[in-house]
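Not measured: the values here are computed from a predicted model. The basis for the numbers below is simple: all heavy atoms, side chains too, and nothing from hydrogens, waters or symmetry mates. When a residue number appears, it is its place in the shown sequence, counting from 1.
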Amino acid sequence: MNVVILVLLAVAAVAVFFAFKGGGGGSEPAKATSTPEPPPPERSTEKVHWLEALNGDAEGKTWHIGSRRVTIGRGPSNYVQVTDPNVSRTQAQLVPEGATLVLVDMTSSNGTRVNDDVVKRHVLQQDDVLKLGKEEFRYHLKGDFDSNAAWDPKAAGKEARNTTRALSGRDARAMVLAINLLEEHEGDVEAAAAAMGIGETDFKELLG
């Protein structure tokens, strides 16, 4: 009798096991889940090293310096041109050094100021104010400004127009200016032509 009971219990246990395995309990085996990958980081659209004019005719305009080595002054060959007659034709340089931008005075007669201090060489910091004569510019380490005033027609329009009128005669002074600008902008014809205040076609004709 004991053997019969043990056999019946064993059969019942096997039946219960297969019933449970077949889903009789209404539960499903757990499914493996995967951790979603994090979204890629957004790329910043901001560019480095900007100047913003705070007063004068150019108030509100911005210049993107970036990795360029550029000059500031009254002459039309400057990347950043000012109109104050007391400013030197080429008064200062902006020189990228690593992640910084350095302002270097080019022995100007009136001096270059940063935050009211006369400087010969100064590593620019966010919101520094550059002063050349009466004209002021704020330095921005980063920005996403819409326009770069360096490509606007130069404020010294009279000199630029005189140069343009001289193109057909291959004026020697205009040609020298064009060659110097091309060297200054490291062979960038578009930038050199913009600095001269003329179109690329006229600039190329001037170079011959």
Side-chain angles (χ1 to χ4, degrees), residues 44-97 99-164 177 180-181 184-186 188 190-200 202-203:
S44 173
T45 59
E46 293 184 322
K47 299 178 181 179
V48 296
H49 306 321
W50 290 81
L51 290 186
E52 176 190 8
L54 301 180
N55 60 5
D57 296 336
E59 183 176 356
K61 290 187 176 181
T62 53
W63 287 258
H64 177 222
I65 310 304
S67 59
R68 304 175 180 89
R69 183 188 185 102
V70 303
T71 56
I72 309 175
R74 184 167 43 83
S77 62
N78 293 284
Y79 189 81
V80 181
Q81 187 190 20
V82 300
T83 57
D84 187 336
N86 294 317
V87 174
S88 302
R89 288 185 60 81
T90 303
Q91 177 148 330
Q93 280 187 327
L94 292 170
V95 183
E97 292 187 1
T100 66
L101 187 66
V102 180
L103 175 70
V104 181
D105 181 78
M106 300 181 71
T107 63
S108 62
S109 57
N110 295 313
T112 302
R113 296 176 178 270
V114 176
N115 304 326
D116 290 326
D117 295 325
V118 177
V119 299
K120 292 298 182 183
R121 177 185 171 86
H122 178 82
V123 178
L124 293 172
Q125 305 294 326
Q126 174 67 32
D127 293 327
D128 274 351
V129 175
L130 289 62
K131 297 183 179 182
L132 294 84
K134 297 179 180 179
E135 305 205 30
E136 300 181 352
F137 301 85
R138 187 183 307 280
Y139 169 68
H140 298 272
L141 174 60
K142 294 183 179 180
D144 54 1
F145 301 100
D146 292 332
S147 62
N148 182 2
W151 309 139
D152 293 346
K154 293 300 182 178
K158 183 177 180 180
E159 185 169 347
R161 287 193 295 271
N162 288 340
T163 301
T164 303
L177 175 60
N180 289 340
L181 284 174
E184 180 181 323
H185 291 279
E186 300 178 346
D188 188 332
E190 180 183 359
M196 198 169 183
I198 62 176
E200 287 188 54
D202 289 337
F203 187 88

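In this view, V123 and T100, V102, Q125 satisfy the side-chain contact (heavy atoms from CB on, under 4.5 Å) rule, not counting sequence neighbours. H122 meets the ring pair (Phe, Tyr, Trp, His ring centres under 6.0 Å) test with no other residue; sequence neighbours excluded. For the side-chain contact (heavy atoms from CB on, under 4.5 Å) test, residues two or more places apart in sequence or in another chain that qualify with D57 are T83.
Of the possible donor and acceptor atoms, none in the side chain of H140 sits under 3.5 Å from a partner among the backbone N and O of V48. At least one donor-acceptor pair under 3.5 Å links the side chain of Q91 to the backbone N or O of G111. Within the 3.5 Å criterion, the main-chain N or O of S88 finds no donor-acceptor partner in the side chain of R74. Judged by distance alone, with hydrogens and angles left aside, the side-chain atoms of Y79 form no donor-acceptor pair with the main-chain N or O of W63 at under 3.5 Å. Checking side-chain atoms of D128 against main-chain N and O of Y139 turns up no donor-acceptor pair under 3.5 Å. With hydrogens and angles ignored, the 3.5 Å screen pairs a side-chain donor or acceptor of Q126 with a backbone N or O of L141.
Residue R68 holds its CZ atom at 11.5 Å from NE2 of H49, rounded to the nearest 0.5 Å. To the nearest 0.5 Å, atom CG of residue D144 and atom NE2 of residue H64 are 11.0 Å apart. Between the CG atom in L94 and the CZ atom in F137 there is a gap of 10.0 Å [rounded to 0.5 Å]. A distance of 15.0 Å separates NZ in K61 from CZ in F145, rounded to the nearest 0.5 Å. Here the CD1 atom belonging to I65 is positioned 12.0 Å from the NZ atom belonging to K47, to the nearest 0.5 angstrom. To the nearest 0.5 Å, atom OG of residue S67 and atom CD of residue E97 are 13.5 Å apart.
Looking at every heavy atom in both residues, I72 comes nearest to V82 through CG2-CG1, 4.3 Å. Between N78 and T71 the shortest heavy-atom distance is OD1-OG1, 2.8 Å. Annotation for D84 and N86: closest pair OD1-N, 2.9 Å, computed over non-hydrogen atoms.
Under a 4.0 Å N-O distance rule, the pair R138/E59 does not qualify as a salt bridge. For the pair D105 and R121, the salt-bridge criterion is not met [side-chain N within less than 4.0 Å of a carboxylate O].
Counting heavy atoms from C-beta outward, V119 and R113 have side chains that stay 4.5 Å or more apart. Residues E135 and V87 are not in side-chain contact: their nearest non-hydrogen atoms beyond the backbone lie 4.5 Å or more apart.
Enclosure of atom NZ in K134 is not indicated, since only 12 or fewer non-hydrogen atoms of other residues, nucleotides or ligands lie within 6.0 angstrom.
Applying the side-chain contact (heavy atoms from CB on, under 4.5 Å) test between L130 and each of V80, T112, L54, L103 identifies L103 as the sole match.
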